[in-house]
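Down below is the structure, laid out as structure tokens.
Worth saying up front: this structure is predicted, and the values here are computed from it rather than measured. Index from 1, following the sequence.
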Amino acid sequence: MASTQRPHDVVVVGSGFGGLFTTRALARVPGVRVTVISGVNHHLFQPLLYQVATGILSSGEVAPATRDVLRRQRNARVVLGVVEDVDLEAHEVVHRSPLGVARTRYDSLVVAAGAGQSYFGNDQFSEFAPGLKSLDDAMEVRARIFGAFELAELTDDEEVVERLLTFVVVGAGPTGVEMAGQVAELAHRVLPGQFRHVDPSRARILLVDPVPQVLPGYPEQLSAAATRELEHVGVEIWTGWKVVDVDERSVTVEDQDGNRRVVPSVCKVWAAGVAGAPVGRVLAERAGVEPTRSGQVPVEPDCTLPGHPEVFVVGDLMRHGKLPGVAQVAIQSGQHAADQIRRRVQGESTGQEFVYRDKGSMATVSRFFAVAQIGSVRTSGLVAWALWLGVHLVYLVGFKSRLTTLLHWAVSFVGRGRSERASTWQQVVARTTLRRTGEAGLGSRADGIRPDDA
């Protein structure tokens with residue numbers, strides 16, 4: 001009787017760009033069986049979260065169900081769970097779900113758990129200034145933004161109105177610039193005429209960061225173009241100021257000379273800094289390597305964990321030279337890990353170095369205005385915006401998402417509509433309440449923290 005060879009089991013941790021592109025690259029590799037373990041049931045297109053937060057797109061357009069994306073890939077299985085530990089000796093990952101703790105064996109492991117928001121040691125700020133790294137974040141921010149305008153309509157107290165209509169975005173990188181630009185569009189273009197008591201156009205939008213210029217990783221000419229457009233749409237740029245305190249009613253900022261200012265503001269958005277998923281520090285400890293300050297795991301040139309050639313760390317969680325934390329790094333490193341696994345299964349040589357191919361960077365500032373750098377080409381304005389639109393449509397998963405996203409963009413950018421403005425008070429308070437009671441949600445930014453540890 002012929003013996004049946006056991007499949008090569010690949011466990012992929014995370015369903016973001018790194019995890020999804022790893023899994024899809026293994027679709028046609030004979031003898032491979034893939035298990036995707038993720039704390040959420042969707043693949044998140046994180047670069048467009050700010051559009052969910054400002055009412056342009058729905059959550060479904062940027063977060064299709066992972067099972068739907070992989071429905072035709074017969075060698076892939078999706079499991080809901082938060083990976084809390086990795087047993088490198090037994091080749092098992094330990095993951096938690098509402099039904100308890102389970103262990104899944106692997107022959108090859110790809111850790112693509114991504115990164116969450118970093119508050120640089122001031123995690124208490126998160127209660128008053130949510131980040132923009134998850135669907136929960138985006139829905140909470142949306143409720144805070146639109147809720148501020150609704151509350152301003154109800155009061156005659158000018159001091160309260162000022163506080164409600166002052167929006168502070170912390171962080172002048174691409175996410176902060178895009179967020180500030182869209183809040184300005186809402187206040188000065190979309191909402192005027194929809195309220196009877198308060199004028200939304202009197203809103204102030206502050207973009208705060210201690211860096212000397214917006215988009216610090218971009219060429220100076222693109223940073224300058226972005227600055228001019230932000231100011232044109234009504235954003236106040238507070239570069240050179242560091243946020244030192246945040247509470248329910250205000251933000252305290254400090255300049256390089258130690259001078260402080262208190263800015264009354266109810267709605268704040270944190271778009272500065274990233275921290276690797278908690279499983280990264282666990283993995284580093286198990287392997288005897290020192291994680292970076294932000295929680296990234298140092299890897300070998302081929303993206304493997306030092307001393308463990310069967311374990312790959314990809315995307316935002318890996319420390320591989322000075323690669324930026326962008327989607328293309330996650331996509332390409334995931335595909336590289338998949339190719340190394342294919343080589344291993346088919347008996348070919350492995351250990352080839354991962355070489356990142358920079359396809360450029362871009363950020364939107366307002367409708368019909370973006371900045372882009374692709375190779376030696378640097379452009380801003382409508383041409384850059386068209387490039388941005390095309391690239392983001394290409395990387396959206398699924399034809400339906402591309403079609404509905406294009407329609408929503410037409411409504412929002414050509415007209416004045418925001419079709420996704422529904423929000424509830426529960427979206428503002430629910431996660432804070434859950435944190436306080438110790439009931440961290442599955443797939444939240446508290447991934448890897450058990451309720452009794454919170």
Test of ring centre spacing under 6.0 Å for His336 and Phe312: no
Nearest heavy-atom neighbours spanning Ser333 and Cys303: CB-SG, 4.3 Å
Expected output: side-chain Gln340 to main-chain Thr350 donor-acceptor under 3.5 Å: no
Short side-chain to backbone donor-acceptor contact, Gln117 and Leu132, under 3.5 Å: yes
Pair listing, side chain to side chain donor-acceptor pair (under 3.5 Å) test, anchored in residues 9-18, at least two apart: Arg6-Asp9, Asp9-Arg33, Ser15-Ser38
No-hydrogen, no-angle side-chain donor-acceptor test under 3.5 Å, Arg28 and Gln73: no
Sidechain N-carboxylate O distance under 4.0 Å for Arg344, Asp107: no
Intermediate values then yes/no, side-chain contact (heavy atoms from CB on, under 4.5 Å), Gln328 and Tyr356: CA-CA 9 Å; Gln328 271 299 322; Tyr356 173 58; 3.7 Å; yes
Results of side-chain hydrogen bond (donor to acceptor under 3.5 Å, both in side chains) for Thr304 - residues two or more places apart only: Asp302
Trace of the side-chain contact (heavy atoms from CB on, under 4.5 Å) decision for Leu283 with Leu305: CA-CA 9 Å; Leu283 189 62; Leu305 187 68; 3.9 Å; yes
Salt bridge flag under 4.0 Å for residues Arg105 and Glu92: no
Worked verdict on Val208 versus Val243 for side-chain contact (heavy atoms from CB on, under 4.5 Å): CA-CA 8 Å; Val208 182; Val243 173; 4.0 Å; yes
Trp270 side chain to Ala272 backbone, donor-acceptor under 3.5 Å: yes
Minimum-distance pair of heavy atoms, taken over all atoms of Lys133 and Ala115: CD-O, 4.4 Å
Pairing residues for Arg378 by the side-chain hydrogen bond (donor to acceptor under 3.5 Å, both in side chains) criterion, not counting sequence neighbours: none
Gap between atom CD of Glu61 and atom CH2 of Trp409 - 0.5 Å precision: 9.5 Å
Salt bridge (charged side-chain N to carboxylate O under 4.0 Å, His left out) assessment of Asp87 paired with Arg286: CA-CA 8 Å; Asp87 188 333; Arg286 297 290 181 265; over 6 Å; no
Where Leu26 and Val10 come nearest, the two heavy atoms and their spacing: CD1-CG1, 4.0 Å
Pair Asp209 + Lys242, salt bridge at N-O below 4.0 Å: no
